[in-house]
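Reminder, nothing fancy here: chain letters follow the sequence lines and each chain counts from 1.
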Amino acid sequence: MPQKSFYVTTPIYYVNDAPHIGHAYTSVAGDVITRWHRQHGESVIYLTGTDEHGTKVASKAEANDMAPQDWVDKLVAEHWKPVLETLNVANDDFIRTTQKRHRRGVQKFWEVLKEQGFVYQADYNGPYCVACEEFKLPGDLLEGEGDELICKVHGKPVQLLNEKNWFFKLQGFQEQLIEHYERHPTAIAPASAYNEVLSFIRSGLSDVSMSRESVDWGVRLPWDPEQVVYVWFDALLNYITAIGYGDSQAEDAFADIWPADIHLVGKDILRFHAVFWPAMLMAAGLPLPKQVFAHGWLLVGGEKMSKTKLTGIAPNQISDHFGVDAFRYYFMAAINFGADGSFSWEDMHDRYHADLANGLGNLASRSLAMVTKYFDGRVPQPGSYTNADLALQDELVEAVANADAAMLRLDFSTGIARVRGYVESVNGYITEQEPWKLAKDESKQTRLATVLYCVMESLRAIAVLYAAVMPEACERLWADIGASGKLSDQTIEQVDRWGQLEPGASVSKGPALFPRIDKVT
RNA sequence: GGCUGGGUAGCUCAGUUGGUGAGAGCGCCGGACUCAUAACCCGGAGGUCGUGGGUUCGACUCCCACCCCAGUCACCA
C-alpha cells in the first residue's frame, strides 16, 4: 500500500479575463508548497485549472462572435496555460471544467446526491433584469421608489421572477460542520479565517439552489436536462474529478490522492470552500480536505487590484523586468501569507537589490571569484575547522530547522527570512575571515582552503533551501559550485549534513545570478 | 448598521499566554574593508506602539468608549 500522495490545489480560475498577479500569486504559492514537500521525499500532486462555465463566459464569447467552447479554448491556450510556464509552476495536472472527465464526474456526483435525497425541487425567486437577461444579486441593485429595485447596469426596474430549481440541502449539515471544525481547528487557516467561517455557520445555514434553468453554458443535470449545474457547484468538484472521481477505472488512484491536504483559496472565495464544499462531500460520503488556507489580496496603492483603476498587473510585466525567480521570491518573501500585502514597483526594486543582487547574488559572485582566483577553479580541500567554522555550521542547522517549520505551516515569509539570515551570516563570515588576506600569505594556504570550503558548502545548502522558491537561479548556483547529483534529489533532511561538496570539483563563475537593474520611472 | 481584520520608527511590516530601557528589513548618517554585482561588514540617529479612560505593582500586549482604513453581510470567479 503506497503512502498517500500529498495533494495541493489552487482554485480553478475563472477564464473571463486574462490572468493577473493575484492569480499568479496563488499559483506560485502552491508551487512552492509542492516543491518543498517533494524535497522531503514525498509524492505530491499539484492541481490547478480553469473554470469555464457560466453566463458571463457565454456572453463574452458571443460578444466576440465565437462559440463558447472555442472561446475558452483560445483563452486557456493563449493566457492561462502560458502563465504557468512563465512562472515555472510545476503543476501535475490542469483541469478544465469543460473536459469530459469533469462533466462526467459532476453528473455522477449530483446523481448520487439526488439518490441519497440531498437534492429536491423548489421555486427560486429572485430579481431579474430583462435587459440583462440575468437574475440579479442584491449587490447589483439600487433602491428605487418604494419597494422598487433598480438594475445598476440598465437603470431600469427589475422584475421578481421565479423559476423551478433544484436545491441542495445545506441546512442539514450545519451541526456536522460545526462539529467537524471544532474537532479540527486547523482545517481552516489562518485563524482569522477559521473564526469567520465558524461564526457564519453558527449564524445559520439555509438550503441553496444548485441548478439554473436560465443558463445554457454548463453541465446538464442528468435527470433534468433543462437545467445546468450552478457554476459553483460545478467548479468545486474539479478537486475530485481531476483525480478520477466518477471514473470506474480510476478508483484506486482516487483513493490514493483524496482527500486534499491543502486547498489554497483567496479569502473572497473562502465560504464556498469551507462551507458548501465540505457539506457536499459529507453528503457524498467522502472525506473532507485537511485544510483550506485563505490567503490575502495583493494591494496596489493600498487598494485591491482593479482593472478599471489600471492597477491590474500582468505577471510577465514583472517577470520580464526582474526575472521569474525574483517574481516568485518577492511575493513569497515580502508578504505574510494569509494577510493582504502591498505591491509597488519601488518595493520590488528595493528588495530585489537588497536581498538578491547585493545579498545572495553578490555572495555567490565573490565566493566563486575567490575559488577561481586562489584555487584555480577547484573546490578546495578543507583542513581542520575553527570555532568560527563550526559556528557557521551550527547556524546552518538552526536555519534549516526554523525554515522548514515555517515553510510547512505555509509561513513563507518567515521561512525565507531564515534562509536570508543565513546568507547574511555567510557574508559576515567571509568579511571576518578575510580570505583575501590569507591568500597573500603563503603559510596560510590551508586556512584559506578551509574558509572557502566552508563558504562553498554554505552555498550548496542555500541552493537547496531556496530551490523551491527560485528554481532557476538555484539550478545555476548548484552547477556553478560544482555540486554533483541533481539538485532536485537533495532533501531538506540532508541539507545541513556538512561536507557534501567534493574537493577538487570544478566551479564556474558565470554572469551575475541577479544582475543589478536600473530603476525605471 | 451588524460582523471580521487592521491602525507600532520616513516606507513595508514582526511583536506567543501583560514584566529586564519597544524590534526587523529598506531608506538615511558615520566608520571599516577591497574578494565581490560602487557590492559586503560594523556603528548610529529615528517611534508619547490611532484617541480618551479603566484594571494592575507594571500594558503595545487585558477591559470600555470613540476615530480612521479595508473586507464582509449566502448563491459575489
Does [X] reach a base, just sugar-phosphate, or nothing at all? Heavy atoms under 4.0 Å.
X	value
A:Ala357	base
A:Asp355	nothing
A:Gly204	base
A:Leu205	base
A:Tyr374	sugar-phosphate
A:Leu363	nothing
A:Ala354	sugar-phosphate
A:Gly428	sugar-phosphate
A:Lys267	nothing
A:Phe233	nothing

Rounded to the Å, how far apart are [X] [atom1] and [N] [atom2]?
X	N	atom1	atom2	result
A:Asn362	B:rA38	CG	C1'	11 Å
A:Phe412	B:rC13	CZ	P	18 Å
A:Tyr330	B:rG25	OH	P	18 Å
A:Glu434	B:rA32	CD	C1'	10 Å
A:Phe514	B:rU37	CZ	P	16 Å
A:Glu196	B:rA74	CD	C1'	13 Å
A:Asn358	B:rC26	CG	C1'	11 Å
A:Met370	B:rA39	CE	C1'	12 Å

Who does [N] pair with, Watson-Crick or G-U, both distances under 3.5 Å?
N	value
B:rC35	none
B:rU4	B:rA70
B:rG43	B:rC29
B:rA24	B:rU12

State which of [options] makes the closest approach to the side chain of [X].
X	options	result
A:Trp436	B:rC35, B:rC75, B:rC26	B:rC35
A:Ala512	B:rC40, B:rU37, B:rA74	B:rU37
A:Ser209	B:rC75, B:rC26, B:rC33	B:rC75

Given [N], is OP1 or OP2 found less than 4.0 Å from the side-chain N or O atoms of [X]?
X	N	value
A:Ser413	B:rA14	no
A:Asn427	B:rA39	no
A:Arg516	B:rA39	yes

message: Do A:Lys60 and A:Trp71 form a cation-pi contact, if we require the NZ or CZ to be under 6.0 Å from the six-membered ring centre and within 45 degrees of the ring's axis?
response: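 Verdict for A:Trp71: no cation-pi partner in A:Lys60.
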
query: Are A:Arg271 and A:Phe200 in a cation-pi setup, meaning NZ or CZ lies under 6.0 angstrom from the ring centre and within 45 degrees of the ring axis?
result: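 The answer is yes; both the distance and angle limits are met.
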
message: Closer than 4.0 angstrom, basic N to acidic O: yes or no for A:Asp355 and A:Arg420?
response: yes

What distance, rounded to whole Å, do you find between the two [atom1] atoms, one in [N] and one in [M]?
N	M	atom1	value
B:rG53	B:rC11	C1'	32 Å
B:rG15	B:rU61	C1'	9 Å
B:rA22	B:rC64	C1'	25 Å
B:rU51	B:rC3	P	24 Å
B:rG19	B:rC41	C1'	35 Å
B:rG50	B:rU16	P	15 Å
B:rC75	B:rA14	C1'	38 Å
B:rG10	B:rA45	C1'	13 Å

task: Would you check if there is a donor-acceptor pair between the side chains of A:Arg103 and A:Thr98 at a distance under 3.5 Å?
output: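 On atom types as modelled, these side chains do not qualify, holding no pair under 3.5 Å.
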
Donor-acceptor pair (no angle test) under 3.5 Å: A:Arg271 side chain, B:rC73 base: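 Side chain to base: no pair below 3.5 Å.
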
Comparing A:Leu170 and A:His353 on RNA chain B - which has the more 5′ nearest nucleotide: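 On the 5' side of the pair lies A:His353.
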
Nearest-nucleotide comparison on RNA chain B, the residue closer to the 5′ end among A:Thr431 and A:Asn195: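 Closer to the 5' end of RNA chain B: A:Asn195.
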
Can we call the ring centroids of [X] and [Y] under 6.0 Å apart?
X	Y	answer
A:Phe168	A:Trp166	no
A:Tyr239	A:His263	yes
A:Tyr330	A:Tyr25	no

query: Taking A:Phe343 as the fixed residue, which of A:Phe327, A:Trp297, A:Phe331 is the one that meets the ring pair (Phe, Tyr, Trp, His ring centres under 6.0 Å) rule?
result: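 Checked A:Phe327, A:Trp297, A:Phe331 against A:Phe343; only one passes ring pair (Phe, Tyr, Trp, His ring centres under 6.0 Å): A:Phe331.
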
